[in-house]
Amino acid sequence: MLSQIVSALGVVVVAVFACSAYFYFSNKILDLALPVKDGDIRAASRNLNRRALVRPWLFIGPALFLLIVYLVYPVVATFILSFYDRAGLQFVGLANYKWALGDREFRQSIFNNILWLAVVPAACTFFGLVIAVMTDRIWWGNIAKSIVFMPMAISFVGASVIWKFIYEYRGGNDVQIGLLNAIVQTFGGTPEVWISIPFWNNFFLMIILIWIQTGFAMVILSAALRGIPEETIEAAVIDGANGWQIFWRIMVPQIWGSIAVVWTTITILVLKVFDIVLTMTNGQWQTMVLANLMFDWMFRGGGDSGRSAVIAIIIMLAVTPIMVWNVRRANRELKGH
């Protein structure tokens, strides 16, 4: 443990030193390459303008390089790979895409992803907004917010392990240690293997992501609510508006931009959901989603790079419109200000 901590600190120190050295020496080289000499005003002015053009690229250059290497190249390579066979050697055209359209498991994954998209972003945003409003009105609100935000610090795998104990089922006459089955048994019900019930098990998995992400939604929306001018609330009260009307007609319209940010962020996260399904069911009992199906085809029967690439492309295509809409909305807000 100590050696890992020392290694991590060493990496941080070396990385910071390397970045500082890069920026220092690159600026020095630029100044030497484009000197500003006394006596030649025209040359000095020209070199100053060139410095101003080059210097920003010294700062964003490494980031652009990493962006191309780790984002642009993999996307292009994956797209090309989707037209090749399982080994990535023989060109097969649209065969992998035709397989995807006709595969039952792929269609089930699409349906499950749509189900996740319909439930999780809406639930997280709704609960986050309700908790943000309620905790702003009580003296122990910060304590409540801390408790709600805590799951954000847990990894998806860790959260799944926690919820596995909640959904745990023991057969025969064994004592039910799963919280949900213990409650059901207490009220005279029959314990169930909840995560193996087709269709409904998807909702049991969604609860885990909602539990994790509600804290994120609450923090963002709570900050947005604090930015609402008190004058508008006071004016609404004077005009006779009740709490419900103030919430829907005064608060929500003024923080709609923040609600959209939370919604789209969680939507993108849902499209990439992987760890929860892998840990809880491994895609069994009709719980497969696209990210898990892609991972499955990467290794199934020795791996099929063509089919897994097709699924990856479809996930990227699903994420792209949301990203474009979010960027355009942000640009409109910036222009509006």
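The structure presented is a predicted model; accordingly, all values stated were derived computationally and were not measured.
- In this structure, OG1 in T320 is found 9.0 Å from CD1 in I313, a value given to the nearest 0.5 Å.
- With hydrogens and angles disregarded, no donor-acceptor distance shorter than 3.5 Å links the side chain of T125 to the backbone of A122.
- Inter-residue side-chain proximity for L30 and R55 is flagged as met; some heavy-atom pair is nearer than 4.5 Å.
- Nearest approach of R107 to L101, heavy atoms of both residues: NH1-O, 3.5 Å.
- The distance from the CE atom of M152 to the CD1 atom of I154 is 11.0 Å, given to the nearest 0.5 Å.
- Between the OH atom in Y169 and the CD atom in E192 there is a gap of 7.5 Å [rounded to 0.5 Å].
- Side-chain N or O atoms of N201 include one that pairs as donor or acceptor with a backbone N or O of I197 at under 3.5 Å.
- Applying the 6.0 Å contact sphere to OH of Y70 captures no more than 12 heavy atoms from other residues, nucleotides or ligands.
- Using a 30° and 60° split on the angle between ring planes, W297 and W99 fall in the perpendicular class, above 60°.
- Residues F106 and V310 have side chains not in contact (no heavy-atom distance under 4.5 Å, counting atoms from C-beta outward).
- Atom CE of M316 is surrounded by more than 12 heavy atoms from other residues, nucleotides or ligands within 6.0 Å.
- Side-chain contact of N112 with Q108: a donor-acceptor pair under 3.5 Å is present, judged by distance alone.
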Side-chain polar contacts of residues 203-227 - donor-acceptor pairs under 3.5 angstrom, sequence neighbours left out - could you list them?
| residue | atom | partner | partner atom | Å |
| --- | --- | --- | --- | --- |
| T214 | OG1 | I210 | O | 2.6 |
| S222 | OG | K145 | NZ | 2.7 |
| R226 | NH2 | D136 | OD1 | 3.3 |

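- Contact of the L180 side chain with the Q185 side chain is not registered, since no non-hydrogen atoms from C-beta on lie closer than 4.5 Å.
- Proximity of a side-chain donor or acceptor of N292 to a complementary backbone N or O of F274 within less than 3.5 Å is detected.
- Under the 4.5 Å side-chain heavy-atom criterion for Ile, Leu, Val, Met, Phe, Trp and Tyr, F199 and Y167 are members of the same hydrophobic cluster.
- Residues P191 and N181 approach most closely at CA-OD1, 3.1 Å, considering heavy atoms.
- To the nearest 0.5 angstrom, S305 atom OG is 8.0 Å from L89 atom CG.
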Next on the checklist: For F65 and I60: C-alpha separation, side-chain torsions, deciding distance, then whether side chain to side chain contact (heavy atoms under 4.5 Å, CB included) applies.
Outcome noted: CA-CA 9 Å; F65 173 76; I60 66 174; over 6 Å; no
Checklist entry - For L179 and E168, what are the C-alpha separation, side-chain angles and deciding distance, and is it a side chain to side chain contact (heavy atoms under 4.5 Å, CB included)? => result CA-CA 8 Å; L179 178 62; E168 179 70 21; over 6 Å; no
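- We find the CG-NZ distance between L290 and K272 to be 14.0 Å, quoted to the nearest 0.5 Å.
- Counting heavy-atom neighbours within 6.0 Å of F126 CZ, excluding the residue itself, gives a total of 12 or less.
- With rounding to the nearest 0.5 Å, the separation of CD1 in I311 from CG in L293 is 3.5 Å.
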Item to check | Verdict with reasoning, T279 to F156, per side chain to side chain contact (heavy atoms under 4.5 Å, CB included) | outcome: CA-CA 9 Å; T279 306; F156 284 5; over 6 Å; no
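- Around the CZ atom of F165, the shell of radius 6.0 Å holds no more than 12 heavy atoms that belong to other residues, nucleotides or ligands.
- Using a 4.5 Å heavy-atom threshold, the side chains of D275 and S155 count as separate.
- For F59, the CZ atom sits in a packed shell: over 12 heavy atoms of surrounding residues, nucleotides or ligands are nearer than 6.0 Å.
- Under the 4.5 Å side-chain contact rule for hydrophobic residues, L269 and L129 share a cluster.
- Listed for the D103 side chain is a donor-acceptor partner under 3.5 Å among the backbone atoms of E105.
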Item to check | N202 vs W116, side chain to side chain contact (heavy atoms under 4.5 Å, CB included): CA-CA, chis, key distance, verdict | outcome: CA-CA 8 Å; N202 287 288; W116 280 72; 4.0 Å; yes
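- In the hydrophobic clustering of this structure, V76 groups with L317; members are Ile, Leu, Val, Met, Phe, Trp, Tyr whose side-chain heavy atoms approach within less than 4.5 Å, directly or through other members.
- Between the N96 side chain and the S82 main chain, a donor and an acceptor come within less than 3.5 Å of each other.
- Ring geometry for Y97 versus F83: interplanar angle of 30 to 60°, hence tilted.
- Under the 4.5 Å side-chain heavy-atom criterion for ILVMFWY residues, no single connected hydrophobic cluster contains both W263 and V130.
- Salt-bridge formation is not detected for the pair R307/D85: no Lys NZ or Arg NE/NH1/NH2 atom is positioned less than 4.0 Å from an Asp or Glu carboxylate oxygen.
- Both I268 and I266 belong to a common hydrophobic cluster when Ile, Leu, Val, Met, Phe, Trp and Tyr are linked at side-chain heavy-atom distances under 4.5 angstrom.
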